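Sequence lines set the chain letters: A, B, ... in the order given, protein chains first and strands last, and positions in each chain run from 1. Quantities reported herein were computed from a predicted structural model and do not represent experimental measurements.
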Amino acid sequence: MDLTTNSLLLTWTVFTPAIGLAAILLLLALRPLARWPQVFLDQAARGIGVVTTVVATALGIALWAGFDGSTAALQFIHRTVWMRSWNIEYFVAVDGLSLSMVVLTVVVFLAGAVASLPWWGALDDHHPHFSKRHVPGYWVLFLLLETGVLGTFAAQDFFLFYVFWEVMLLPMYFLIGIWGAPPRRDPDGRVRGGPYAAIKFFLYTLAGSVLMLLAMIAIYYASGPGTLADGTATQHTFNLPLLARQAREGTFLRAAPILGLDFARVVFVGLFIGFAIKVPMFPFHTWLPDAHVDAPTPISVILAGILLKTGVYGLFRFNLQLFPGALDWASYAVGVLGVVNIVYGAFVCMAQKDLKKLIAYSSVSHMGFCLLGLAAGTPQAVNGAIFQMVGHGIVSPMLFLVAGVIYDRAHTRQIEAFGGLAHRMPEYAAVTGLAFMASLGLPGLAGFVGEVLVFLGSFAATDPLFRVLVSIGALSVIITAAYYLWTMQRMFLGPFNEAWAHLMDMNWRERITLYPLAVVTVVLGVWPVPVFRMLEGTVGTLIGGLGH
Amino acid sequence: MGTNLWSILPELVLAGTLVLVLAADLLLRGRPDRPGALTLMATLGLLGAGISLATLPGTGAFFDGLVVGDPLGRFFRGLFLVAGAMGIWFGLLSEEVPRTRFGEFVVLILAATMGTCLLVQSRNLLMIAVSLELISLPSYALAGFRRGDRLSSEAALKYVLYGAASTGLMLYGMSLLYGLAGTLDLPSLAPALGRELASGAPPVRLGLAMGGLFTLAGLAYKVSAVPFHAWAPDVYQGAPTPVTAFLSVGPKAAGVAAMIRFLSEGFGSSATGQPFFPWPVVIGLIAMATMTVGNLAALAQDNVKRLLAWSSIAHAGYLLVGVSVGTPEAIRAVALYAPVYLLMNLGAFLAVLAVRHRTGAETMAAYRGLGTRSPWIAVSLTVFLFSLTGLPPLAGFIGKFYLFAAALEVGRPFFLVLALVGVLNSVISLYYYARLVRAMFLDRGAGLPSVAAPRPVAWLLLVLAVPTLVLGLFWSPLAALASWAAGLS
Amino acid sequence: MSVGLPHLMFLSAVLLALGLYTMVTRRNAVAILMGVELVLNAGLLNLVAFSRFGRGIDGQVFGVFGVVLAAAEAVVALAIVLQVFRAMRSVDASRADRMKE
Amino acid sequence: MHHPILKDFPLFWIPLLPLLGAFWNGTQGWWTQRRFGRAAVHLPAVILPAASTVVAIWGFLVLWFGDPGTVLHDSLWAWLDIPPLRAEVAFQMDRLSAVMALVVTFVGTLIHVYSTGYMKDDPAYWRFFAYLNLFLFAMLVLVLGDNLLLMFVGWEGVGLCSYLLISFWWRDREKAKAGMKAFVVNRIGDFGFTLGVFLLFFGLMTTPARPVPPADRPGSPDVAGHLEPLPPTSVTFREIEQLLQDPSRRDLLVQRKVLGLSLVTLVCLLLFVGATGKSAQIPLYVWLPDAMAGPTPVSALIHAATMVTAGVYLVARMHFLFSLSPGAMTVVASIGALTALFAASIGLFQHDIKKVLAYSTVSQLGFMFLAVGVGAWWVGIFHLMTHAFFKACLFLGSGSVILGCHHEQDMRRMGGLRRLMPITATTYLLATAAIAGFPFFSGFFSKDEILWKAFDSGNLLLPGGGVLLWGMAAVAAFGTSYYMFRSYYLTFSGSYRGAGDHGADVASGHDADHHAPDPHGTPAEGHHGSLPHESPVSMTAVLAVLAALAVIGGLVGLPHLWHLPNFFEAWLEPVFESSAPRIVSAGHGHGWEWALMAISVALAFGGFGLARWLYRDARNPLPERLARSPNRWVRGLHRVVYHKYYVDEAYDLTAVRGALWTSRAFAWWDVQVVDRLVIWVGAIGRLLGWIGGAMDRAFVDGAVEAVGEMISGAGNRVRRWHSGRIQAYVQGIALGAVALVVVAYLLAW
């Protein structure tokens, strides 16, 4: 395991958004001196934001181009000692799993950045469109979020990972809270809206991550000192490849029990809850609908496209890689929870009246596949789960953008309020249809590949329980089709509701965000091989420790 | 004797400054620039004390073992000097401290600072009692500094009664310890108590428990640990904000440091063998209760000052986690957490002070829309609040990380539970900190006046916020200092 | 029967109890302070007694310091009571309840 | 049994060409139509499928001249490639898929031509052709895909196109709903299909081949029970077939039990669930009659000729698997026969001409399943082909009629059209004769062969072998003949009943929605009130071609009985070679076969005669009297059958309502319980916060004061309870210290 070669490309990718952020802050700091008008600042912030995102995307693609997927070895390594006494390093590198997520991140953020640009000329003074409020602040947080997410995926040091993980939280809190929906009182008397959703998101995630913090410290102290099989002496460490090696050599199996319980299992559960909240897994999923519904469109896009993946990524990176034995032990529970997510989420979708809420719950359903794949642990299932992350990472942004299109125009998302929209907005109807079809797992589109592989792989798992689980989970294909088509029918088909005669079809900003995603959806659906090539070496190593 | 006096040179410098300030206060009577001049004098005095602290010779026991010169003491003394300086500066910036009596204010702060410096190096029960009083008496006066203000007077009354009662209990406890061991010296306390215990008579045990815990009560009240915390919210709310800021930092940290010394030296620590009575567990329970009560009570507060008061109670709980664990790593964690806590807590109170300065209010409503009305205050307050929550990459996270790591390193189930309670408490704390953040950024403060921070306040906020950020990413110098203080390096 | 350590300890315990009782039951701030003084003196009595019965001179020194401390504390406390009285026209501690949850 | 494989034959053009057409029209059609007129839309839309037909013919010819078992193969790229799973985007054409591809492209192209006439007034002309081309693409992927997963792409793709085309006139809510229903019901089938694929994959992957004797394995001492390493498992048809050539693996698969059933049986049944969805068999047939909401060419192409036969193709394709499981075969055959009879019975009383044809399609599909269920694979495909000809002709004829009658679909308002639309009438009559099984028409050969094979099957696990199924099918055949001629006479004989008669017979109500004029520009809108007229030549020409095929198409599969060559069976024989040994005959002699042939001819004519007696020229009052019979049982029976046995209503009550109810219950649960969990935690936190804040009041105060009370006696108890707070604090100190002492004491000793 060569961990010494240094490459700065990944570091540049991760911190490019931070540079943009610094540039915007500099502008803000210089403002009193230069007396720039607000409009100039706004436009400059937007420009810097988009350019930075584009550069980050280019760098991400460059990483992909230079990546060798056939090996499990880490690539684009950059290491520097950060805190010597704790063996904490700044250590970033990618393997197939990380890289797939990094590439997805830059792409989705690019879509989010474009979707953050204003289009609407008319200003509503009472509650202006989110893209026109506190613009520099928005972009500062947006870029901070991107750095946080990229760092999370790139970090190969647990401590560094944790820091990036938490760095994701703050900007998200403000982005939902400030630029999201204003507070409102629901019919049932509860106060909802951006601030509520933001704090809910924040609390849930923090509750998970503090458990992760404890688990991290416990792993640190269990990780040494000792010697590895090849004679290398080890110290306490946060270094993930080293931890993974120790895991393979059974260090954590021998660690002292915690409260009389097996070390690996306790730590596994701690980590699992931490990540599962982010996935989000039933019953910790209820922050998701609120956050999605009340976040501004681009933030929903990022939330669904990327942030949920950090949870699954953590499950793979930590729970699977460090505690395969405990995962074997917990596979029933994880599998059952995954199927609950799938089926329960699908059913709840069907009862939704709010388009965005429906899409949010569909995310709950679709992320269940990742859990099921993780639990099954066969190559097909794990590849499928990771592909599902990618596929959902492309499709769900489309869905949220689609929801944003109609909300920007009609200021409502109540499905029943529409009808026959295909008459007025045929292009929009077509794109929506494509997104729905991709999400319901139509073969040939990106959503299908992950689902079918997870199902196929889980079905082929040794344990008969998984066959039962798949049989139940596969019911979701029916439910999913039903709710999407029903939604399609209620919104777009049937007699045209003349109340919406003023609506315009899609504009160019929306096309620029939606069509590339649509193309990717189709391409990945028929030609998913690039993703699998990326994962070729990684997955084998990841699941190597499982007991089958 | 010369060496002895050298060892308390910083305190002597403080005492000299105190006298000079008192004199200058009289001399400069009527001059409009008097507060500034006094502040300058005090600052110079504190600076001088700091320099003398840095140049102190060697370590060891002085004054026949009354005080001890060791890294831990020096570390904390430096910290208290900073806290004192901050208290004085805050006073200068606040309109809550009457200009006419500014000299008094400075003198009291200096006296209390002197007390904290002495307390942390006391190694004798008598010395502990005297230093504690030296902190307490000026503190009472400070709490009631605004004479006409009913809240301030009320706070002072509560503080003094509570303080007197706990001092009385402490004295009684100390007398019991003295009776059991025949000595007031902490290092010789442990072996003597051990001998007495070996005799095995039940009254000895009861006496030991009573003595130890009554004494502890005196310290715990300074720390505002549950169940000796009840005074704190009222006093913090009622006292002038600079006083609150000072009280929530200096005396509290001094109490924690003294507790470390008292318990580990007087009763033996798990590092040096079995303690005489299970003080780690007792302190651990107190820590859990303190964190939980502090955080939960803060949830429902509408007055920001009071909210921060409860939060500082909770933070005392975090510090006590380190005391309870008691290993050198844990002491290092406390030593690391204390300055970090100083930064963020003082910062938060400074922001409160600034808002009050402009709006005259301390309620949550006064903070609505602060993000647009006064971005500078709002952003820095947000940094402090999230640092108090313990979110990376802010300094508060590093402090908590060290604390919980120390707790987990020992591997005892009790400390594991302690750490678990600790982290769950930080989740709870997020809720009320975020409420404040929400008021500042997420709520619209339509119609409220804009509050531009006065330039000195803005600079001071920056001075506190930047380290809060930087230490979150690059904390090895501080960690090295803390290790040195804990004897680890 | 000579007066021995147990007697003195008992006396101090009684003082402590009386002091605590006073503190707990009185609503007048001055009366509470008097209770505090009782508790303080219980401790001081203990110190001196132990010192007298073979624990060395330290206790007596502490006792002297204790008297000074008690006096200083009483001074500050009474001053504050006076201040409160000026503000509220009462020294009834139960009326100092402006700040509560 | 090794078949030569011709690699890299450019099969990909066959699906690609229609896809290009779909893409072009789908993205550009909206402006080309406006700018250059309809020709700009339909020229690519017709020419590309025609070109695709040419490539298909080319492939067909290559097979024709090649070795009997030749397979054309064209691998494009790896699709799902995670060893041991490997599914490629690859096409294969053996003789079976060649037949399918030819039928699809040829009939498809014809229907495209027809549509240029039928849809000419529709503003969304371009969209229609885009969908239609897309459908051809999907269908060709379905028949040419070389593995189950790729086939599933086409399988779902045709479902999607079917959805799009059924709800083509989406402004009508009912039509939109019909599309949705089709898709969702198909998804239920797909649920089975996918599970079948999973189970098959699992079975193949985990069932090892024969144990290898230790001597064969040099260098491996751990001998006993060691199995040969698994070969790469695949979902490719050819590889599965080869794997199953290994008798030991085959036996293991058959003997392996899953849920008490043989694994093979379960796989077959699950796949068959998929087939019932796609091919509208019991119990999932309900979507097909509703699917008639789509434009008539769609009904002809998708819901008669091609898509709905995909299930039959699937079973035939998987013959090597189905033949391993007599149980599954029996189920297939029985469902087929049952569906044939059941659907035919519903067809007896329908008034909507397209509904009649729809139920007839369901019924005919049942015949096909009966054929493949008894192992007569080629017969099933044969009937599939002839059915494609005559049913397409019938549907297109009905379309011509509907267009002529200004979108009238109720046969009671037609009549006498023979004079007005002679070409339509003639072709319709010929196709009716074919479906009824008149001798020497195509339907005769295929249907008769089915009946005979069913009768003669030795594979069925039913009492009496195939006789029972034969009986059901024979009755269905009689019914078919009857209702088809009924529809002919009602439509074309007598005098025209349509003009100025709107609103008549509203009482029957059910079909009202179908003669509601389309709210937007459906064809011939401006012709209301005038007499029906013959359709344009683009339509009639297609009718003529199809009618000719309906008449002569059966000649490729003449019965052996007549000692004439059966090209069709010979053509497909190499495909079904591997399963042939497992298909056994019951051994009935030629005499039986002759007798049965006579019976089926008699049934065909009997149905014809009955229909002619009752409905010719609408002169016989009996049908009307029957419907209004005073006998309650007769009326009730009529109503139940007319309302399709109320199956739709039953499904609505159970499945649909059930799902909706479940979803609402879950949603309620989610909001009210799961979400609240955390709100509860928050509330508890706040409560504790209140308690914490009020600790002084509630706990310290209370408890301490209680102690104080005890000490100070009973006086002033109540007044003091809320008295001072400073005392409380001071008491707090005292009590806290004491409590700590007690705790420490208990802990330590």
Q: Quickly, which of C:N46, C:L40, C:V39 forms a side-chain contact (heavy atoms from CB on, under 4.5 Å) with B:L171? Name it, please.
A: C:L40
Q: Would you mind listing every salt bridge (Lys or Arg N to Asp or Glu O under 4.0 Å) that reaches into residues 39-49 of chain C, with sequence neighbours excluded?
A: none
Q. Could you give the distance from CG (C:L44) to OH (B:Y172), rounded to the nearest 0.5 Å?
A. 12.0 Å
Q) Which heavy-atom pair separates C:G43 from B:S175 by the least distance, and what is that distance? A) O-CB, 3.3 Å
Q | Closest-packed option against chain C by number of heavy-atom pairs under 4.5 Å, given B:G168, B:A143, B:G179 | A | B:G179
Q: Identify which of C:A74, C:S51, C:A70 forms the greatest number of heavy-atom pairs closer than 4.5 Å to chain B.
A: C:S51
Q: Provide the closest heavy-atom pair for C:Q83 versus B:G144 in the form atom of the first, atom of the second, distance.
A: NE2-O, 2.9 Å
Q) Side chain, backbone, both or neither: which part of C:L45 has a heavy atom under 4.5 Å from chain B? A) neither
Q. Is the backbone of C:G59 close enough, under 3.5 Å, to the side chain of B:Y178 for a donor and an acceptor to pair up by distance?
A. yes
Q: Write down the atom of B:L137, the atom of C:A72, and the distance for their closest heavy-atom approach.
A: CD1-CB, 3.6 Å
Q) Under a 4.5 Å heavy-atom cutoff, which of B:G173, B:A164, B:A156 has the most pairs with chain C? A) B:A164
Q) What distance separates C:S12 OG from B:L176 CG, expressed to the nearest 0.5 Å? A) 7.0 Å
Q) Any side-chain heavy atom of B:L161 sitting closer than 4.5 Å to one from C:V36? A) no
Q | chain B contact via C:L16 - side chain, backbone, both or neither, heavy atoms under 4.5 Å | A | side chain
Q) Mind checking which of residues 62-69 of chain C sit less than 4.5 Å from chain B, heavy atom to heavy atom? A) C:F62, C:F65, C:L69
**Q.** Euclidean distance, C:E73 CD relative to B:T167 OG1, rounded to 0.5 Å
**A.** 4.5 Å
Q. What distance separates B:L126 CG from C:D58 CG, expressed to the nearest 0.5 Å?
A. 8.0 Å
Q) Any donor and acceptor pair, going by atom type alone, linking the side chain of B:E154 with main-chain N or O of C:V84 inside 3.5 Å? A) no
